[in-house]
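All ligand and atom numbering here is 1-based and tracks the order in the structure.
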Amino acid sequence: MAAKPPAGDPIQDAPEVTPPQHAAAGLPAVGHSLRIAHQQMGVRRTALTLLRVNQKDGFDCPGCAWPEPDKRHAAEFCENGAKAVAEEATLRRVTPDFFAAHPVADLATRSGYWLGQQGRLTEPMYLSEGAERYEPVSWDRAFDIIADELTALDSPDEAVFYTSGRTSNEAAFLYQLFAREFGTNNLPDCSNMCHESSGSALTETLGVGKGSVLLEDLYKADLIVVAGQNPGTNHPRMLSALEKAKANGAKIISINPLPEAGLERFKNPQNARGIAGGGTALTDLFLQIRIGGDQALFRLLNKLILETEGATDEEFIREHTHGFEEFAAAARAADWDETLRATGLDRADIDRALRMVLDSKRTIVCWAMGLTQHKHSVPTIREVVNFLLLRGNIGRPGAGVCPVRGHSNVQGDRTMGIFERPAPAFLDALEREFGFAPPREHGFDVVRAIRALRDGQAKVFFAMGGNFVAASPDTEVTEDAMRTARLTVHVSTKLNRSHVVTGARALILPTLGRTERDLQGGGPQFVTVEDSMGMVHASRGRLEPASSHLLSEPAIVCRLARRVLGPESHTPWEEFEKDYARIRDRIAAVIPGFEDFNNRVSDPSGFALPHAPRDSRSFPTATGKANFTAAPIEYPKAPEGRLLLQTLRSHDQYNTTIYGLDDRYRGIKNGRRVVLVHPEDAQELGLADGAYADLVSEWKDGTERRATGFRVIHYPTARGCAASYYPETNVLVPLDATADTSNTPASKSVVVRLEQTTPA
Ligand code: SF4
């Protein structure tokens, strides 16, 4: 029996609030995941599907990018992985009848949650110029429409080709190949909005813009620092790895403005102690830092390490690093008072952290958006690298950098060349292999693409997955920019806000999900993905596709490329569509580390990509060494009567996908328009728990942005800080408020005032 989608928009934002929890997972997580899975898939399909998630012969979880251990449990998924799978494998369907019943103007009034709950898209749909409704369109006609618009452009650079992290390696490789053969490097991706700051900082300092640790390193570490990250919601199986690390003797320092249940205690639902017992206390030291104080904290720790006799790894510094003296001079100048102001910490906590650092021979620092989405994110992450270099914690088992990626193949897409600033060596290899001259000028990242659309420099927007308008900052500006396009195209599995904020014409192209069988002319196909730790492995779906009209992402790119590029293209698009192994042959020829790709990926465990700093302590940087850096200390300051706001996810949320209206660990039910404020700050601002307020962001250029109607929750966040969910608060972040160097929207340090209002 097909599950029915909800009829009306159920969003009735009426938050109920209870005290935050102090442990994550356990039986409630199991119950919650099964309830959502049963609602969407029914009992039989739930069992069939969930038992294949992250298995060696199964499909890769479409959720986050956390790696799988080599020895797999029968239930190798977390609550949020189960929700992501249920969303994709749902029995609910969005058919042409649905679009006939719902004009775009009606869909535009619906919440993102309601749109997502309608189910899987089943046919290509077209919104012609001036039309009120999407109508079904054949695939051939859809490709004609796109080709006509693309070939009518004055320059290929008037097209933007966006990618979201769900896209497989094979589809991503073809997509960038098509865009470059068409003539543009306009390949923005969701990385621009999340870990671009990590990539920028790590490439400059270590020579590789990715993490340097494997899962086994976590099990060997003496100390794991988790900074600006909430794994209990965003990378839940990381908690199992931390639990194992603790069992092996590791200590954990958590650095975050909010106390998060997952980092306090983990009740592993895969063992008896987690189900019936008290679980495992994870954090040994919690540093409740002010938003954006991390660079100052790491700088002071570096000073204290330098001042401790015998604490630095002198041989490593001498043999493998560059720029030590300049860095050391800056670190020695670090000031306790300024650090205490920047971090809001007390001296005793920093002393305790230092002792743990000095006691550790193998240290790993993990981080996520809490470090990457500030104006000074790149120097912050560089300071983390300084911290690790000082004691030789790079290229040693149990030590290294661990930026944790939030979307399953976001790292792989970048490896495949989805990047607006490709390296010359990559373009040279493409040219050699495919016999065309790829464009060399840099393209648009996300923020520049929005500006280009806004200013009429870009006219066609093509999205391979994702929900661009909900993920991007400055919602009104972004939505207006999309409306100026001549054509917007979305390759999607489900309906979302980006389908209803359209250019003059719009297409929705429905595609296969990870869970589904991919049958092509050459037989059944699989795709590959790269996890957060640079492991590449296969992903095979088994379910019957949601509709017979779906095409896979590689097939969509191949057919579009043939139609747009015509006989002048010598790329064997037809062959690629039939047999993905032929795509992997070409990836092997172009991208270092993928040699003998087809053979190596037949190993069910996959293979690790090379990482020179980890593998051989060699550093492919401009200096040929690991670079110490010495940036000035920065931290965000909120004037009197203002707070620093971070935007974040709820527990019932995965990136822009809203699964439900609860945030169980934080004690919030049935509501998303909430703002978490420290009770003493709220008291000073005259805001009782349960009061309602507008959030008004204030920017240095005098501009303001407003998000209306948030229920105030007194919450134990750091003093002077507040937190609220995105995408509701994306409106507060202007397009130009970005991180230096990486251009990532600075969504984690927004100065706001709270204006009391009455509930809507
Ligand atoms: S930790 Fe991430 S990859 Fe693993 S099951 Fe959960 S959401 Fe999926």
Q: Is the shortest side-chain heavy-atom distance between Tyr665 and Glu260 below 4.5 Å?
A: no
Q: Please report the shortest heavy-atom distance between Cys61 and Asn54, naming the atom on each side.
A: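 That would be N-OD1, 3.0 Å.
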Q: Any idea which protein heavy atom is nearest atom 8 (Fe) of ligand 1, and the distance to it?
A: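 Of the protein heavy atoms, Cys61 SG, 2.3 Å lies nearest.
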Q: Do we see a donor-acceptor contact under 3.5 Å between the side chains of Arg649 and Asn230?
A: no
Q: Show me which atoms of ligand 1 lie under 4.0 Å from any heavy atom of Phe77.
A: 5 (S)
Q: With a 4.0 Å cut-off on heavy atoms, is Ala84 in contact with ligand 1?
A: no
Q: With rounding to the nearest 0.5 Å, note down the distance linking CE in Met416 to CG in Asn169.
A: 4.0 Å
Q: Would Phe607 and His537 count as a close aromatic pair, with their ring centres under 6.0 Å?
A: no
Q: Tell me the protein heavy atom at minimum distance from atom 2 (Fe) of ligand 1, and give that distance in Å.
A: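 Scanning the protein heavy atoms, the shortest distance from atom 2 (Fe) of ligand 1 goes to Cys64 SG, 2.2 Å.
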Q: Would you mind telling me if ligand 1 is within reach of the side chain of Asn54, the backbone, both or neither, using heavy atoms under 4.0 Å?
A: side chain
Q: At what distance is the nearest protein heavy atom to atom 4 (Fe) of ligand 1, and which residue and atom is it?
A: Arg237 NE, 2.9 Å
Q: Kindly indicate whether a cation-pi arrangement holds for Lys244 with Tyr219, taking the cut-offs as under 6.0 Å to the six-membered ring centre and within 45° of the axis.
A: yes
Q: Please report which non-hydrogen protein atom sits nearest to atom 6 (Fe) of ligand 1, along with the residue it belongs to and the distance in Å to one decimal place.
A: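 The answer is Cys78 SG, 2.2 Å.
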